[in-house]
Amino acid sequence: MRSASDSVPGFRKVLRSRKYQGWLWGYILILPTVLGLGLFYLWPLVQSFYLAFTRWGAFGDYRWCGLQNFERLVSDPKIVDALRNSLVFTGLTVPLSISLATLIAVLLNAKIRGVSFYRVLYFLPVVTMPAAVGIVWRWLFNADYGAINYVLQKVFAIRGPSWLTDPKIALYSLVAVAVWGAIGNNMIIILSGLQNIPTVYYEAADIDGAGVLTKFFRITLPMLSPTLFFVSVTAIIGALQMFELVYMMIGINSPAIRATQTVVYLFYREAFINMNKGYASAIILVLFVIILGLTFIQLRLQRRWVHYD
Amino acid sequence: MAQRRLSVAILVVCLTVLVSAVGQAAATKLTYRIWDVNQQPAMKQIVTEFNKVHPEIEVEIEVTPYRQYWTSLETAAAGKNLPDLFWLNAPNFLLYSTNGMVLPLDKRIAKDKYDMHGYPNSMLDLYSYKGILYGMPKDFDTIGLWYNKELFDSAKVPYPTNNWTWDDLIQAAIKLTDAKKGVWGIAAQLDDQSGFYNTIWQAGGYVISDDRKTSGFADPRTIEGLRFWTDLIHKYKASPTQAQMTDTSPIALFEAGRVAMLSDGAWNAIRFAENDYTKKRVDVVSLPKGKQRGVTIHGLANVIAANTKHPEEAWTFLKFLGSPRAHEIQAATGTVIPAWSEYQHLWVKAHPAFNVQIFIDQVKDSFPYPVSLYTNRWAQLSFDELTRAWAGEVSIEEAAKTLARKMNELLAQE
Amino acid sequence: MTKASASLRRARWGKLAIHVLLSLGALVTILPFVWMVLTSFQTLAESTRIPPVFFPSSLNLKNYRQVFYSLPFATFYWNTFVSTVAKVAGQVLVSAMAAYAFARIEFPGRNFIFVCCLAILMVPQQAYIIPRYMLMLDFKWLNTLTALIVPGIASSFGVFLLRQFFLSLPGELGEAATIDGCNHFQVFHKVYLPLAKPGLIALSIFVTLWSWNDLMWPLVVNSSTGKMPLSVGLATLQGQHGTNFPVLMAGAVLTVWPMILLSLILQKHFVEGIALTGTKA
């Protein structure tokens, strides 16, 4: 008797075929991720886009309002302030934290003892939650009783400023805290990048009699550029989303709030304090466009300065 | 066969009886949301006593810190998921009652002949809309002038009296300020209920018109009331600056002995009584007189959510919350001044170290907390605008007039 | 002096200079922590004294007691622990499965779906918050640990990172296993997953840190003190105690020590993990 498996690929043969089994397993394995991403990322993204065109009343009642939110956005001075604050904050924090992290990584890469000891210390801010970082530095920056102004007074006989309540300097105080917190993380990634640079290059340079600086600029930086690129892209995206520092360190009624509130802080304020979730969604849309734009620019510039093997 | 059917029938009957008995014995669970963790012990005591009479109704107290209270409540309301009972305050009362989020109480009170005689009319009015009562008054508070006796002693300034005028306060504050020691006479805190609302009444001004359609901030008398504080900061230099008060809060400064006077609420009595520094050093007097006397009065109410699945049980618990015994507990623990007038003296007794009777005495000079449908919008706006005057960036007239203009725009949308 | 010893001298001075610089930096990094701990033992009066008191008069635990009295910090630890462990386990498992499939199994639409997953990385996190909040409302998951855990399980980053890992492993191992009769899942489970351990550890550490630090989402979704994690608990402590810095510092210490301890014990893994996320990306 002829069996079913003798005929042109029967159903059971299909099932047993490696290729189709692969398909089945492939879909099964990606299912939880696709479900999760679809439900908690993709759908929210679409809805977030939609909500940017809605107006919210009391108790979650919302309705379509067209471009009203965007009209308001364009003329709202708080948005202009927030954008400026976010851009200045990012523009200062990222270069500072990356260059300092590179400096420290280079120093740690030199053949010295106690590397892991230093590494642990520099790593501490990374494992400290931003909420705690904010609270501790708020205390350090306290104009009347904080340690920083005390040291300034005692050691340098300067009367320290109101670090967090003076609108002219509060943002820079936040930059200092952000840099302090970010160095450790960047340093570890950069250090790893450094350690991956083959020593042959340095040995060759030594033979040619190159000095320390030449070696740094001609070998280290170019070899490090992919790592630096990654670090700078993530740092910029992270800095543009800064929220915790403003939330913890600057009170909503502080004289410095207009000078420090970032786009994401404004988003939180509009969405959960003023209950204007539609307007808040419009704000986030703007941020999204900015991040997209900046990342795209970076990707383009990458060809100019990032050196791949 | 018949035997089998009979035994099955008996089994079914037994099971039904068992299940229904279990069902009855199973307690109803109510959630009761509050925001003040300092009051939690008193609330827990009330629940314990309630359970002695009604063991079948479980009450779970949820504490949501004030900062998140209204946001989370509003979301819960949107999702028809409000806690069965919760605290409501005057600024939010209209929002919840006009949107049908809380149960009206009149019919139930009438049906159960519930005793309401201990409640002052002002409290009942505060939580009534169109003549229907929605909230069971819980407590009330007024504002007093807290002061640090030790700082007055070292500066050799006589203690404040209940007959002080604005001028008396200003003069004392100036004398008490010692820049070298880092001590100020008074903290001119940017706060509405504890701070500038009171001086606005005292100057003869108003915050919002009676029909709730116009802002009172542009009124020259109101501006005088606001100027009282900005002058203390900028003209008399007897108060820390707004920057300093943002760095270290006025109450922290008071508890650290850095300011000699603080205009603040009755609710702080229990806090100052438990604080090692303040319990021996502070006392309180009535607020000073401007053109007239004026104090903000406010109080909380317990309400039942309209969407509660257990209206009867919630009403039973609410009746206990509004009973004299519950007010007695609130008062005797020194937690808050109960709305039930007959037990207010117990609260006074609970704070022998401070002259807290003045909080109750000032009720006759009090003005109700200003509200509208969306009170929180213009309340936050008032901080946004006035902080600039407090910080000295603009004059108080300019800040107040801008505030009035923006507030009128908001009120027009209500 | 010989040339050799002169250059040795230079090298030693060089190393000394490096140590000095590094120590200065380390000092700046560590001083805030020291100050945090010292202040946590002071009284409010001591903390507002001019000149400031560096060493508290006594190691009084009053502030810590105040923290636990004000807020259920023990519950915060539990909430943070449970939600973090669940998220790590969930994300590593789910991402490993998907990453393997994207790396080593052929199926129609594979590349398209993967690129879609990646595109999500470009979007700022906050764009998801309001809609997810509305989802939690609909599912009645507000004020639950579920709300903290479930949205954080699927992750583009995790998939991306682990896919890089699986790609870098040799394909011959899989072929050998197939010849032995293993199906796709067995190849994944028995052959490649154990080899991906460094990547799995790296992802675990990354997720742990991110979960520990997260503030806005838990702030928005869990407002009841019984369901908050540590980050929100600390923010709430600040809401309640304003500028009572000794109490706030005590709270900060309580949120900081677990991660510090963990990172000290698992130092090597932490460092390797973070380095890996940087180099693989």
Side-chain angles (χ1 to χ4, degrees), chain A residues 21-23 25-27 29-30 32-33 36-37 40-41 44-45 47-48 51 104 107 110 112 118-125 127-132 135-137 139-140 145 147 150 185 188-189 192-193 227 230 241 243-244 248 264 267-268 271-272 277 280-281 284 287-288 291-292 295, chain C residues 15 18-19 21-22 25-26 29-30 32-33 35-36 39 47-48 51-52 94 97-98 100-101 105-107 117 120 122-128 130-132 151 153-154 159 183-185 212-213 215-216 220 231 234-235 238 245 248-249 252 255-256 259-260 263 267 271 274-275 278-279 281:
Chain A
Q21 264 209 351
W23 289 18
W25 277 117
Y27 290 127
L29 287 176
I30 67 169
T33 297
L37 290 182
F40 294 111
Y41 285 84
L45 185 59
Q47 199 177 24
S48 196
L51 289 179
I104 296 175
L107 291 177
I112 55 167
Y118 285 120
R119 214 174 43 192
V120 163
L121 293 182
Y122 281 106
F123 197 60
L124 286 181
V127 295
T128 310
M129 58 173 72
I135 271 189
V136 174
W137 276 93
W139 172 224
L140 286 172
Y145 313 111
Y150 173 64
N185 193 50
I188 287 183
I189 297 178
S192 161
T227 313
F230 169 76
Q241 294 180 23
F243 164 72
E244 294 86 355
M248 300 298 290
V264 173
F267 159 79
Y268 176 80
F272 298 103
K277 294 190 173 66
S281 299
I284 276 300
L287 182 66
F288 178 30
I291 289 184
L292 218 56
T295 310
Chain C
K15 293 223 172 122
I18 292 180
H19 274 287
L21 280 175
L22 283 176
T29 309
I30 232 196
F33 292 97
W35 196 239
M36 168 181 71
T39 309
S47 71
T48 51
V94 164
M97 283 168 32
Y100 175 75
I105 305 182
E106 303 268 348
F107 54 91
C117 290
I120 286 170
M122 284 279 93
V123 182
Q125 287 290 317
Q126 297 79 23
Y128 306 123
I130 296 176
R132 277 187 192 169
I153 289 190
V159 169
N183 66 26
H184 284 274
F185 187 73
W212 188 263
N213 292 347
L215 178 63
M216 199 194 270
V220 157
S231 51
L234 190 62
Q238 186 189 51
F245 287 109
L248 295 181
M249 291 303 113
T255 62
V256 154
M259 265 297 137
I260 290 188
S263 66
Q267 207 195 118
V271 171
I274 292 193
T279 48

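Chain A is the first sequence line, chain B the second, and so forth, proteins listed ahead of strands; every chain is numbered from 1.
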Would you mind checking which part of Gln267(C) comes under 4.5 Å of any heavy atom in chain A, side chain (CB onward), backbone (N, CA, C, O), both or neither? side chain

With a 4.5 angstrom heavy-atom cut-off, which part of Ile153(C) approaches chain A: side chain, backbone, both or neither? neither

Counting heavy-atom pairs under 4.5 angstrom with chain A, the leader among Gln238(C), Glu106(C), Met259(C) is Gln238(C)

Residue part contacting chain C, namely of Thr227(A), when any heavy atom lies under 4.5 Å: neither

Heavy atoms, side chains only, cut-off 4.5 Å: are Tyr128(C) and Phe40(A) in contact? no

For chain A, find which of Cys117(C), Ala101(C), Pro151(C), Ser231(C) contributes the most heavy-atom pairs closer than 4.5 angstrom. Pro151(C)

Is any side-chain heavy atom of Met249(C) less than 4.5 Å from a side-chain heavy atom of Trp35(C)? no

For chain C, the option from Phe288(A), Phe267(A), Tyr122(A) that forms the most heavy-atom pairs under 4.5 Å: Tyr122(A)

Name the region of Val94(C), side chain, backbone, both or neither, that has any atom closer than 4.5 Å to a heavy atom of chain A. both

Max heavy-atom pair count under 4.5 Å with chain A, selected residue of Val256(C), Leu215(C), Leu248(C), Val159(C): Leu215(C)

What part of Leu51(A) gets closer than 4.5 Å to chain C, counting heavy atoms only: side chain, backbone, both or neither? side chain

Looking only at Ile130(C), Val123(C), Ile30(C), Leu21(C), the option with the highest number of non-hydrogen pairs under 4.5 Å against chain A is Ile130(C)

Top residue by heavy-atom pair count (under 4.5 Å) with chain A, among Ile120(C), Thr39(C), Ile18(C), Thr48(C)? Thr48(C)

When heavy-atom pairs shorter than 4.5 Å are enumerated against chain A, which of Met36(C), Gln125(C), Met122(C) gives the highest number? Met122(C)

Interface moiety of Phe245(C) toward chain A, non-hydrogen atoms closer than 4.5 Å: side chain

Are Ile104(A) and Tyr118(A) packed together at the side-chain level, in the sense that at least one heavy-atom pair is separated by less than 4.5 angstrom? no

Against chain C, label Ile291(A) side chain, backbone, both or neither, depending on which of its atoms sit under 4.5 Å from a heavy atom there. side chain

Contacting region of Leu292(A) [heavy-atom separation from chain C under 4.5 Å]: side chain

Assert top hit (heavy-atom pairs under 4.5 Å, partner chain C, pool Trp137(A), Tyr145(A), Trp139(A)) equals Trp139(A)

Less than 4.5 Å to any heavy atom of chain C: does that hold for the side chain of Ala110(A), its backbone, both, or neither? side chain

